[in-house]
Amino acid sequence: MHASAVLHASAVLAALPKPPYRFPGARVLYQPKWVRVEAAQRVTPDGVQLLSAFGWTLGGVFVVDWTDSPIGPYSEAAVLSGLVWHSGAVGAWASHIVVTSPDAVAAGREFWGLPAVEGVVLLQPASAAGQAEPPRAGEAASSEGVVASAAALTGAGDAAAPLVLDFESNVRVVVRGWQGRAAPLPPLPAGTTPLSLSLPSLSGGLPPNGPILRYPLTLTAPRRARLRPAAVTVWTSGITPSALVAVLDGPPASPCLELEGVDVVAGAAAVLTRRPAAGGGHTAGGGNTAGGGGGRRGEATDAGVTGSGRVLSGGVQAGDEGRPAGGDVAARAASGGVRPTDPPGHVSPFLLSLDSGVLIMYGLVCAILGLYTSGDAFAPAAPDAVRDAREIAFTLDTCAAHALAWGLAAAVTGAASTDWISLPLAEHKAAVGGVARVLPAWLLSVPLFEFLRALAAVGLGAHDLAAEDWPALAGVTYPGGSVGTLGLLLVWRRWLVDTTPR
C-alpha cells in the first residue's frame with residue numbers, strides 16, 4: 001500500500017468517534033433462518049464453537065435503517081451465519097455485512113472487528129399493487145412458496161405484504177417490500193424508561209489473524225413491533241459468492257420481525273483470543289472466507305466478484321492468497337481449530353419435560369409471591385377486566401416462553417441430550433456450578449426467552465406495557481431474574497446428578 005493511502009486511512013480512523021456508539025430510533029427487519037452446519041462452518045473462523053442441533057444452526061438476515069448515529073445515517077444488511085460460543089458468551093456470528101457509508105466500514109472493522117464492506121443497500125417499497133416484484137430470470141430463490149402460507153397466517157394488510165431480500169452480489173442488496181412508517185411513533189409516557197436488553201456479541205477474526213472480540217450491545221424495547229410473512233431470499237447465480245449462497249439457502253425459522261423505534265448502544269470491544277498466523281496464510285475475517293466464497297481445503301475459492309479489483313466480502317482484494325475459514329472438519333479438529341459440531345447425543349424428551357415442569361412451577365410461584373409482596377393481591381378489583389385478562393395471559397405466556405427457551409437452548413448445547421446424565425462426574429465437577437453444559441445453555445436461553453416473550457407481547461397487544469406493570473414476573477423475566485434462574489437450574493441439575501445411580 002502506498003504511503004499516501006496509509007496516511008489517509010490513519011486520518012480517517014483518527015477522525016472517527018470512539019465507542020460507545022448510540023443509534024436512536026432505528027428501523028429493523030430480522031428474518032431468522034436455519035443454516036446448515038456445513039455452510040456455517042465455511043464462514044466461521046477457528047477459535048469459536050458453532051452451536052448446532054441435528055445438522056442445523058440458527059442464523060438469519062438483519063436489515064437496519066440507522067436513522068441517526070455518531071457517523072451519520074446509513075443502511076446495513078448483515079447475514080448471520082449461526083450461533084457461536086466462546087469464553088462464556090453466546091452470540092450470532094455475522095459473516096457478511098454491507099453498509100452504505102465508508103465511515104461505517106472503518107468503524108465496524110476498527111472498533112468491533114466486523115467484516116463490513118461498502119456497497120449498496122436499497123430499501124424499496126412494495127409496488128402500487130401491494131406486491132413485491134418477482135425474482136428476475138436467472139436468479140435462484142430460497143423459501144419458495146412461503147409467502148402465500150405466511151400471508152395466510154398473518155392476514156392481509158401492509159404487514160402481510162411479501163418481502164424479498166435480493167442479494168444481487170456480495171456488495172449489493174435490494175430489499176423489496178420495505179414498509180414505510182404507517183403513522184408516527186407514539187410518544188413515551190412521561191417518566192417512563194423503556195425496557196432494555198444487554199447482549200454479549202462476538203466478532204473479529206479479520207485477516208490476516210485478527211483476534212476474536214466480545215462487545216456489549218444494548219437494545220431498548222421497540223416503540224412498535226409487528227410480524228410479517230417470512231421473507232423470500234433470492235440471489236444472482238454465478239455472481240453472488242457460493243459461501244454466501246450456502247448460508248442464505250435455508251428455510252425460514254419464523255415469520256419476519258419488523259421493529260420501529262429501537263435504540264441501540266454498541267460498547268467498546270474486548271479481546272477474547274488472539275489468533276497467531278499459521279503458515280503465512282490467514283483465516284478469512286469476521287466469518288468470511290476469501291471472496292465470501294470460501295471453499296474447503298484443496299478446493300478453489302470462489303472469487304465472488306463481477307469485475308476485477310472489487311473488494312471481496314471479507315475485505316480481501318481479489319488475487320490475495322489465504323487459507324479458507326472452513327475446511328474439512330476432521331482436519332480442523334486435528335489442527336486445533338473448531339471441534340466437529342455434531343450434537344453430543346439425541347435430545348431426551350423426558351429430561352426436557354422435567355426441566356419444563358421445574359421452570360413453569362418456578363415462574364408461577366414467583367408470580368404468586370409477586371402479587372402478595374407488591375400488594376396487588378389485596379388491591380380492589382380493577383375496572384378494566386380486559387387489561388387484567390391480558391396480564392394473566394401474558395404471565396402464562398411468559399412462563400411457557402421461559403420453558404421453551406430453555407428447552408431449545410438445552411437441545412442445542414447438549415444440556416438435554418440422552419448422554420447428559422451419564423457424563424463422568426469429573427466433567428460435571430470441572431464445569432461452573434458443578435454441572436456440565438448448563439451455563440452455555442442458560443446463556444443461550446436469555447436472548448431466546450426475550451425473543452419469545454416479545455412475540456407473546458405482540459400477539460397479545462401487550463408490548464405497550466412497561467416493566468413496572470409486571471411486578472409478579474420480577475423473578476421470571478430477564479435480565480432481572482436471570483441469576484436466580486441459573487441458580488435454580490444448577491441446584492436442580494446437580495440434584496439429578498447426585499441422586500441418579502451410576
Derivation and outcome, side chain to side chain contact (heavy atoms under 4.5 Å, CB included), residues Y362 and T485: CA-CA 9 Å; Y362 168 69; T485 304; 3.8 Å; yes
Pair R42-S81, side chain to side chain contact (heavy atoms under 4.5 Å, CB included): steps then yes or no: CA-CA 10 Å; R42 292 178 63 185; S81 58; over 6 Å; no
Steps toward side chain to side chain contact (heavy atoms under 4.5 Å, CB included) verdict (L489, V358): CA-CA 9 Å; L489 290 169; V358 169; 5.9 Å; no
Residues L165, V175; criterion side chain to side chain contact (heavy atoms under 4.5 Å, CB included); working and verdict: CA-CA 5 Å; L165 306 174; V175 181; 4.0 Å; yes
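Annotation: side chain of R223 is not in contact with side chain of D263 (no heavy-atom distance under 4.5 Å). The side-chain heavy atoms of P162 and V232, taken from C-beta on, include no pair separated by under 4.5 Å. Using a 4.5 Å cut-off on side-chain heavy atoms (C-beta onward), D68 and R22 make no contact. Using a 4.5 Å heavy-atom threshold, the side chains of W112 and L213 count as separate. In this structure, W492 and L354 have side chains that are in contact, with non-hydrogen atoms separated by less than 4.5 Å. Counting heavy atoms from C-beta on, the side chains of R36 and W56 come closer than 4.5 Å. At least one side-chain heavy atom of W178 sits less than 4.5 Å from a side-chain heavy atom of L29. Counting only heavy atoms from C-beta outward, the side chains of F167 and L244 approach each other to under 4.5 Å.
Put simply, the side chain of T57 gets close to the backbone of L83: a donor and an acceptor are under 3.5 Å apart. The closest donor-acceptor contact from the side chain of S101 to the backbone of Y74 lies at 3.5 Å or more, if one exists at all. With hydrogens and angles ignored, the 3.5 Å screen pairs no side-chain donor or acceptor of E258 with any backbone N or O of Y30. Under a 3.5 Å cut-off, the side chain of R109 and the backbone N or O of A116 do form a donor-acceptor pair. Between the side chain of R27 and the backbone N or O of D65 there is no donor-acceptor pair closer than 3.5 Å. With hydrogens and angles ignored, the 3.5 Å screen pairs a side-chain donor or acceptor of T100 with a backbone N or O of S75.
In this structure, the separation between CG on L443 and CG on L448 is 11.5 Å, given to the nearest 0.5 Å. Residue S254 holds its OG atom at 9.0 Å from CH2 of W34, rounded to the nearest 0.5 Å. For the atom pair OG1 of T273 and CG of L202, the computed distance is 10.0 Å after rounding to the nearest 0.5 Å. We find the CD1-CZ distance between I239 and R172 to be 11.0 Å, quoted to the nearest 0.5 Å. Atom-to-atom distance recorded for W406:CH2 and L444:CG is 9.5 Å, nearest 0.5 angstrom. To the nearest 0.5 angstrom, R228 atom CZ is 4.5 Å from Q179 atom CD.
Ring centers of W66 and Y21: at least 6.0 Å apart, outside the cut-off.
Taking every heavy atom of both residues into account, L352 and A416 meet most closely at CD2-CB, 3.4 Å. A403 approaches L359 most closely through the heavy-atom pair CA-CD1, 4.2 Å. Here the shortest heavy-atom pairing between S417 and L351 reads O-CD2, 4.3 Å. A107 and L16 make their closest contact through N-CD1, 3.7 Å (heavy atoms, listed as atom of the first residue, atom of the second, distance). Taking all atoms of both residues into account, the shortest heavy-atom contact from Y215 to G267 is CB-O, 3.7 Å. The minimum heavy-atom distance between T67 and G25, with the atom names listed, is OG1-O, 3.2 Å.
When L114, V117, L80 are each tested for a side chain to side chain contact (heavy atoms under 4.5 Å, CB included) with I97, only one passes: L114.
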